[in-house]
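Report on one structure; see the data block that follows.
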Amino acid sequence: QAINFFCLYGAYVLGKHWVATPLNGFWKYFLRPRKNLQARYGEGTWALVTGAGDGIGEELCYQLAQAGFHIVLLSRTQSKMEVVAKNIESKYGVKTKVVTYDFSALSAASEGQKFEALMKKETGDLDISILVNNVGMGWMGSFHTTPSLKMFNLLTVNCASQVVVSRYFLAQCAKNRQGKKCALVDYSSMGALGNNPPPKLIQYGATKAFNLWLSKGIAAEYAHTLKQNPGSEHNVDLDVLTVHPASVKTQMNSGRYPGTVTAAAHAKGVIDKLGWDSCTYGHWVHAARDFIMDYEPFKTINKMQWAARRRAFLKEKAAQEAEQAAAKKIEDDKAAEQ
Ligand SMILES: NC(=O)c1ccc[n+]([C@@H]2O[C@H](COP(=O)([O-])OP(=O)(O)OC[C@H]3O[C@@H](n4cnc5c(N)ncnc54)[C@H](OP(=O)(O)O)[C@@H]3O)[C@@H](O)[C@H]2O)c1
């Protein structure tokens, strides 16, 4: 009987992983239609996208505008956002609003208050139903050699931005959108999944783990609140979608890793999942990659890729040292001539 039980259990585990999961993935990534997002979050409402001037953020703006939302672009470089805003308006006929803000300023509570005041002034009269916390920066290198400004910017741009913008958005939803559905899309990364922090990317990975955990925490808290206090004015009826992509070719990522996808294809995949799922890779290539990489021998090959990345960095370091030595030699020669 015990043997029968183990056989049945084994068949269940294998069937779930090798049959049900791929079939479910095929349904999600290839067959399932996109939700009617205007009907779900409100006709003529606004979507607020951080880091909207470039890369994934720019493409998410196009996807949301195509779905009929007016777009608030919130990022650092005004000129880039103005170009994107113009494209959106001429292509999709929706309204746009450009708000310029440098998230690296968010290093104190007073800066958070200034940010909220700016948002109230710029967007207080807009009915924002969707927030995309996309803004982020990367850094690759040894932990102890990271320039200290870079280290703090990673915390402010990647983590503090998510806290402050989400807080502003959820307060607005609780105040102005009672009984209406809202959506929060948070950007984490595949580097934050599993138990292997990626070498040479550990600070970036840690900030992305923060993004993942805050996103999942907000999803749990607001789902719970809705059930516990039906009708309370503090409730927010919220869809939360946590995004953890692998390699997407953008300004941040030169795209030399296997399985790199375009920002446009990734962004389409993300908006297709909105209202359906609580987390996504965005593109099927990244979902398939993670599914396969979980198993031997690919797990080991994946670890070898980390080793390759380490070797690449050692090479980079050697080149840097050679450059410094050459510069020193020029200085020494000059000193000797004098
Ligand atoms: N690309 C990937 O392979 C990948 C993989 C996993 C996760 N992600 C995540 O996806 C998100 C978007 O990444 P991406 O590849 O699209 O990056 P990106 O091409 O570098 O674009 C980042 C955007 O954020 C803005 N930004 C950067 N620092 C800012 C600051 N201090 N204040 C305000 N705005 C700032 C940039 O503005 P400027 O134009 O002024 O620079 C730009 O518009 C990030 O959260 C990232 O962690 C990316």
Side-chain angles (χ1 to χ4, degrees), residues 48-63 71-85 98-107 111-112 114-115 118-119 131-140 149-166 185-194 198 201-212 214-215 241-267 269-270 279-283 285-287 289-290 309:
L48 164 60
V49 181
T50 68
D54 225 313
I56 295 173
E58 177 181 356
E59 294 299 336
L60 287 167
C61 286
Y62 297 141
Q63 285 294 324
I71 308 289
V72 181
L73 300 96
L74 172 60
S75 193
R76 181 174 52 182
T77 311
Q78 183 157 351
S79 54
K80 283 191 191 176
M81 286 189 287
E82 278 168 357
V83 173
V84 178
V98 168
V99 183
T100 310
Y101 185 76
D102 185 340
F103 285 105
S104 63
L106 281 177
S107 55
E111 290 301 330
K114 275 189 208 161
F115 172 79
L118 171 78
M119 290 303 285
L131 165 63
V132 184
N133 278 315
N134 159 78
V135 69
M137 57 176 278
W139 169 257
M140 241 191 193
L149 182 62
K150 193 64 97 182
M151 229 166 200
F152 280 94
N153 283 352
L154 275 163
L155 297 177
T156 49
V157 178
N158 291 9
C159 302
S161 68
Q162 186 191 17
V163 173
V164 170
V165 188
S166 302
V185 181
D186 286 311
Y187 264 77
S188 175
S189 163
M190 199 189 253
L193 304 180
L201 268 172
I202 56 171
Q203 294 154 95
Y204 172 74
T207 62
K208 291 288 119 184
F210 177 93
N211 297 149
L212 181 80
L214 184 65
S215 189
L241 179 62
T242 316
V243 189
H244 37 69
S247 181
V248 182
K249 191 170 184 325
T250 62
Q251 181 186 236
M252 183 193 284
N253 179 349
S254 61
R256 65 180 180 279
Y257 304 107
T260 296
V261 302
T262 64
H266 164 79
V270 170
C279 56
T280 185
Y281 297 88
H283 199 280
V285 166
H286 293 168
R289 180 187 180 275
D290 208 30
R309 187 178 290 185

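When a residue number appears, it is its place in the shown sequence, counting from 1. Just so you know, ligand 1 is whichever comes first in the structure, and atom 1 is the first atom listed for that ligand. These numbers were taken from a predicted model, which means no experiment stands behind them. The basis for the numbers below is simple: all heavy atoms, side chains too, and nothing from hydrogens, waters or symmetry mates.
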**OP:** Below 4.0 angstrom from a heavy atom of Ser104, which ligand 1 atoms are there? Numbered from 1 as shown, please.
**Re:** 31 (N)
Original post:
Does Ser215 reach the main-chain N or O of Leu212 with its side chain, forming a donor-acceptor pair under 3.5 Å?
Top reply: no
Original post:
For ligand 1, is there an atom lying under 4.0 Å from some heavy atom of Glu58?
Top reply: no
Subject >> Under 4.0 Å to a heavy atom of Gly53 - the qualifying atoms of ligand 1, by number >> reply: 43 (O)
**OP:** May I ask you to decide if Gly51's main-chain N or O and Asn134's side chain share a donor-acceptor pair within less than 3.5 Å?
**Re:** yes
Subject >> Which residue and heavy atom of the protein sit nearest atom 40 (O) of ligand 1, plus the separation >> reply: Thr77 OG1, 2.4 Å
Subject >> side-chain contact (heavy atoms from CB on, under 4.5 Å) partner of Ser104, the single match among Leu149, Leu154, Thr156, Leu155 >> reply: Thr156
**OP:** Mark up the atoms of ligand 1 that fall under 4.0 Å of a heavy atom belonging to Lys80, in ascending order.
**Re:** 38 (P), 39 (O), 41 (O)
Subject >> side-chain contact (heavy atoms from CB on, under 4.5 Å) between Lys80 and Glu58, intermediate numbers included >> reply: CA-CA 10 Å; Lys80 283 191 191 176; Glu58 177 181 356; over 6 Å; no
Original post:
What residue and atom, counting heavy atoms only, is the protein's closest point to atom 44 (C) of ligand 1, and at what distance?
Top reply: Asn134 O, 3.2 Å
**OP:** Answer with side chain, backbone, both or neither: which part of Ser188 has a heavy atom less than 4.0 angstrom from an atom of ligand 1?
**Re:** backbone
**OP:** Over 60° means perpendicular and under 30° means parallel, so classify the ring planes of His266 and Tyr187, tilted if in between.
**Re:** perpendicular
Original post:
Under 3.5 Å, is there a donor-acceptor pair between the Thr242 and Asp186 side chains?
Top reply: no
Subject >> 4.5 Å side-chain heavy-atom contact, Asn158 and Phe210 >> reply: no
**OP:** Tell me which protein heavy atom sits closest to atom 36 (C) of ligand 1, plus the residue, atom name and distance to 0.1 Å.
**Re:** Ser75 OG, 3.9 Å
Subject >> Nearest candidate to atom 30 (C) of ligand 1, where distance is taken over non-hydrogen atoms, out of Asp54, Thr260, Asp102 >> reply: Asp102
Original post:
Do side-chain atoms of Ser166 reach the backbone of Val163 as a donor and acceptor pair under 3.5 angstrom?
Top reply: no
Subject >> Ile202: side chain to side chain contact (heavy atoms under 4.5 Å, CB included) partners, not counting sequence neighbours >> reply: Phe143, Pro197
**OP:** Provide, to 0.1 Å, the distance between atom 1 (N) of ligand 1 and the closest protein heavy atom, together with that atom's residue and name.
**Re:** Val248 O, 3.0 Å
**OP:** Write out the residue and atom name of the closest protein heavy atom to atom 8 (N) of ligand 1, then the distance separating them to 0.1 Å.
**Re:** Tyr204 OH, 3.6 Å
Original post:
Which is it for Val157 and ligand 1 at heavy atoms under 4.0 Å: side chain, backbone, both or neither?
Top reply: side chain
Subject >> Identity and distance of the protein heavy atom lying nearest atom 26 (N) of ligand 1 >> reply: Val135 CG2, 3.6 Å
Original post:
Under a heavy-atom criterion of less than 4.0 Å, does Met137 contact ligand 1?
Top reply: no
**OP:** Take every heavy atom of Ala263, measure it against each atom of ligand 1, and state whether any distance is under 4.0 Å.
**Re:** no
**OP:** Evaluate the ring planes of Phe115 and Phe103, with Trp represented by its six-membered ring, and classify them as parallel (under 30°), tilted (30 to 60°) or perpendicular (over 60°).
**Re:** tilted
Subject >> Per-residue contact class, Tyr101 against ligand 1 - non-hydrogen pairs under 4.0 Å >> reply: backbone
Original post:
Just heavy atoms, cut-off under 4.0 Å: does Lys208 contact ligand 1 by side chain, backbone, both, or neither?
Top reply: side chain
Original post:
Should the proximity of Asn253 to ligand 1, defined as any heavy atom under 4.0 Å, be assigned to the side chain, the backbone, both, or neither?
Top reply: side chain
**OP:** Show your reasoning for whether side-chain contact (heavy atoms from CB on, under 4.5 Å) applies to His244 and Ser189.
**Re:** CA-CA 4 Å; His244 37 69; Ser189 163; 5.6 Å; no
Subject >> Test applied, side-chain contact (heavy atoms from CB on, under 4.5 Å); reference residue, Val185; option that passes from Asn133, Val49, Leu60, Val270 >> reply: Val270
Original post:
In the protein, which heavy atom is nearest to atom 48 (C) of ligand 1, and how far is it?
Top reply: Ile56 CD1, 3.9 Å
Original post:
What's the shortest distance from atom 10 (O) of ligand 1 to any protein heavy atom, and which residue and atom give it?
Top reply: Tyr187 CD2, 3.4 Å
Original post:
Do Glu59 and Gln63 have a side chain donor and acceptor closer than 3.5 Å?
Top reply: no
**OP:** Could you name the option among Glu59, Met252, Arg76 that has the heavy atom nearest to atom 28 (N) of ligand 1?
**Re:** Arg76
Original post:
Which of the listed options, Ser189, Ser247, Ala105, Ala246, holds the heavy atom that is closest to atom 4 (C) of ligand 1?
Top reply: Ala246
**OP:** State, without any angle test, whether Ser188 and Asn211 hold a side-chain donor-acceptor pair at a distance under 3.5 Å.
**Re:** no
Subject >> Proximal atoms of ligand 1 relative to Phe103 (non-hydrogen, under 4.0 Å) >> reply: 30 (C), 31 (N), 32 (N), 33 (C)
